[in-house]
2 protein chains.
Amino acid sequence: MEDTEQGMEHRHAPLPDGVIDVETANVLAERLKMLSDPGRLRMIYALAEVDELCVGDLAASVGSSESATSHQLRQMRLGGLVRARKQGREVFYRIADTHVRQLLEVIAEHFLHGDPEH
Amino acid sequence: MEDTEQGMEHRHAPLPDGVIDVETANVLAERLKMLSDPGRLRMIYALAEVDELCVGDLAASVGSSESATSHQLRQMRLGGLVRARKQGREVFYRIADTHVRQLLEVIAEHFLHGDPEH
DNA sequence: TGAACGTCTGACTTGATATTCATATATTCT
DNA sequence: AGAATATATGAATATCAAGTCAGACGTTCA
């Protein structure tokens with residue numbers, strides 16, 4: 001985490017400090033982290049298909065407890081991935097915006113029908 | 001983690017079990033997890049720019065110790081994100097394949113010049 | 001050959017994350 | 001009002017990931 005001067009005799013490249021600055025990397029990483037859990041991933045792809053699901057159904061679709069699911073959903077909500085709508089005693093979740101939806105599409109497309117290479 | 005029968009009186013949607021099966025979700029999540037760390041993210045985007053960098057340079061570019069960096073690189077290597085080439089006493093890393101490179105491009109594009117909505 | 005260098009590795013520590021359990025709140029139904 | 005339902009929440013625990021440190025290994029150089 002610090003720059004102790006040792007073992008960096010010669011540089012091989014100009015050390016690109018372009019493309020992604022620290023702050024952007026943080027934001028991007030945080031959002032990707034939300035998608036880096038199998039459960040959350042299945043939830044959000046379920047949402048991508050049906051548009052709206054309540055907590056109970058999401059829990060069932062992932063095979064996890066409703067409490068655990070609620071916790072996960074809160075995270076995703078705070079992370080701006082999903083939005084909640086309360087109707088009666090249940091709460092329906094949906095994907096937050098087109099932005100997120102596009103990211104999902106793009107990732108799925110890439111992994112699901114990308115050329116087989118792994 | 002289990003299906004205790006409680007609180008699932010009525011279903012609101014057909015519960016889509018399509019798009020992403022459990023196994024795919026696991027694989028996809030694992031790969032996304034690799035990209036969900038600011039350090040790894042900066043490393044790999046640095047690699048996307050210069051094609052090849054040695055451990056020392058990668059460590060410097062991220063501002064982290066060489067040991068920590070080596071650990072991270074091993075993960076990324078095992079995860080199939082990067083490849084190593086040893087030359088003399090240093091080891092050069094590069095992005096594993098076009099597949100990965102495309103994913104990076106697509107993600108960057110999406111976050112960097114996507115429409116401002118967050 | 002021995003010293004310096006670059007990288008890797010394993011053990012340990014620390015911090016983050018996920019799940020469970022118990023409980024709280026709000027809503028509908030009788 | 002009271003019981004049942006749906007979700008949320010907090011504390012406690014368990015699991016996992018990241019970084020550090022010390023040392024190993026292979027490589028170059030004097």
Side-chain angles (χ1 to χ4, degrees), chain A residues 1-12 25-26 29-43 52-79 82-94, chain B residues 1-13 25-26 29-43 52-79 82-93:
Chain A
M1 223 193 215
E2 68 317 294
D3 323 24
T4 36
E5 208 67 47
Q6 76 171 211
M8 20 182 295
E9 294 300 295
H10 48 291
R11 184 105 310 135
H12 301 280
N26 289 342
E30 197 180 339
R31 177 151 296 195
L32 287 175
K33 184 167 295 178
M34 282 296 157
L35 298 176
S36 73
D37 172 81
R40 288 194 294 266
L41 209 49
R42 306 232 303 289
M43 278 195 221
E52 207 177 51
L53 284 170
C54 71
V55 179
D57 284 1
L58 280 166
S61 88
V62 159
S64 175
S65 83
E66 314 205 343
S67 177
T69 303
S70 183
H71 279 296
Q72 300 279 36
L73 285 169
R74 185 165 61 94
Q75 277 194 168
M76 294 201 250
R77 182 159 29 86
L78 296 179
V82 300
R83 277 168 25 209
R85 173 180 75 88
K86 180 166 186 178
Q87 180 185 2
R89 55 187 161 192
E90 32 203 355
V91 177
F92 291 90
Y93 283 84
R94 59 169 55 228
Chain B
M1 223 190 213
E2 69 315 296
D3 323 24
T4 35
E5 208 67 47
Q6 77 172 211
M8 23 182 293
E9 294 301 293
H10 48 290
R11 184 106 310 134
H12 301 280
N26 290 341
E30 197 180 338
R31 178 153 293 195
L32 287 174
K33 184 167 293 177
M34 282 297 155
L35 298 175
S36 72
D37 172 81
R40 287 194 294 265
L41 211 48
R42 305 231 304 289
M43 279 195 219
E52 207 178 51
L53 285 170
C54 71
V55 179
D57 285 2
L58 280 166
S61 87
V62 159
S64 175
S65 83
E66 315 205 342
S67 179
T69 303
S70 185
H71 278 297
Q72 300 278 38
L73 286 168
R74 186 166 60 93
Q75 278 195 163
M76 293 201 250
R77 182 159 29 83
L78 296 180
V82 301
R83 277 169 25 209
R85 173 180 75 90
K86 179 165 187 178
Q87 179 184 3
R89 57 188 160 194
E90 34 204 351
V91 177
F92 291 91
Y93 283 86

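These figures come from a predicted structure and were not determined experimentally.
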Point to revise | Protein-nucleotide distance (A:R77, atom CZ; D:dT7, atom P), rounded to Å | key: 13 Å
Review point. Taking only N and O in the side chain of A:Q72, is any of them less than 4.0 Å away from OP1 or OP2 of C:dT19?
Key: yes
Practice item. Rounded to the nearest angstrom, tell me the gap between atom CG in A:L58 and atom P in D:dA6. Key: 14 Å
Study note, to complete from the structure: Atom CG of B:D57 and atom P of C:dG6 are separated, to the nearest Å, by 10 Å
**Study point:** Side-chain N or O of A:Y93 closer than 4.0 Å to phosphate OP1/OP2 of D:dA8
**Key:** yes
Review point. For the side chain of B:R74, counting heavy atoms from C-beta on, which of D:dT20, C:dT19, C:dT9 is nearest?
Key: C:dT9
Review point. Nearest nucleotide by nearest heavy atom, which residue falls closer to the 5' end of DNA chain C, A:D37 or B:S70?
Key: B:S70
Point to revise | A:L73 side chain near A:V55 side chain, heavy-atom distance below 4.5 Å | key: yes
Revision key, fill the gap. Closest heavy-atom pair, B:A59 versus B:S65, reported as atoms and distance to 0.1 Å, is CB-O, 4.0 Å
**Study point:** side chain to side chain contact (heavy atoms under 4.5 Å, CB included) partners for A:R77, two or more places apart
**Key:** A:R74, A:V82, A:A84, A:Y93
Review point. So, for A:M43 and A:L58, which heavy atoms are closest and what is the spacing to 0.1 Å?
Key: O-CD2, 3.9 Å
Revision key, fill the gap. Closest non-hydrogen contact found for A:A29 with B:L41 is N-CD2, 3.7 Å
Kindly give the atom pairs (protein nitrogen or oxygen, nucleotide nitrogen or oxygen) under 3.5 Å for nucleotides 21-30 of chain D.
unit_1 : atom_1 : unit_2 : atom_2 : d
D:dC21 : N4     : B:S67  : OG     : 2.8

Review point. Residues two or more places apart in sequence or in another chain: which of them pass side-chain hydrogen bond (donor to acceptor under 3.5 Å, both in side chains) with A:R83?
Key: none
Exercise for review: For the side chain of B:V55, starting at C-beta, report the closest nucleotide among D:dT7, C:dT7, D:dG19.
Suggested key: C:dT7
Point to revise | Separation of atom CD in A:E90 from atom C1' in C:dT25, rounded to whole Å | key: 16 Å
Review point. Who passes side-chain hydrogen bond (donor to acceptor under 3.5 Å, both in side chains) against A:R40, sequence neighbours left out?
Key: A:Q72
Study note, to complete from the structure: Quick tally for nucleotides 12-17 of chain D: nucleotides whose base has a protein heavy atom under 4.0 Å get B, sugar-phosphate-only ones S, the rest -, giving ------
Check your understanding: Is A:S70 reaching over with its side chain to a backbone N or O of A:S67, donor-acceptor style, under 3.5 angstrom?
Key -> no
Check your understanding: If you measure from OG on B:S36 to CZ on A:R31, what distance do you get to the nearest 0.5 Å?
Key -> 14.0 Å
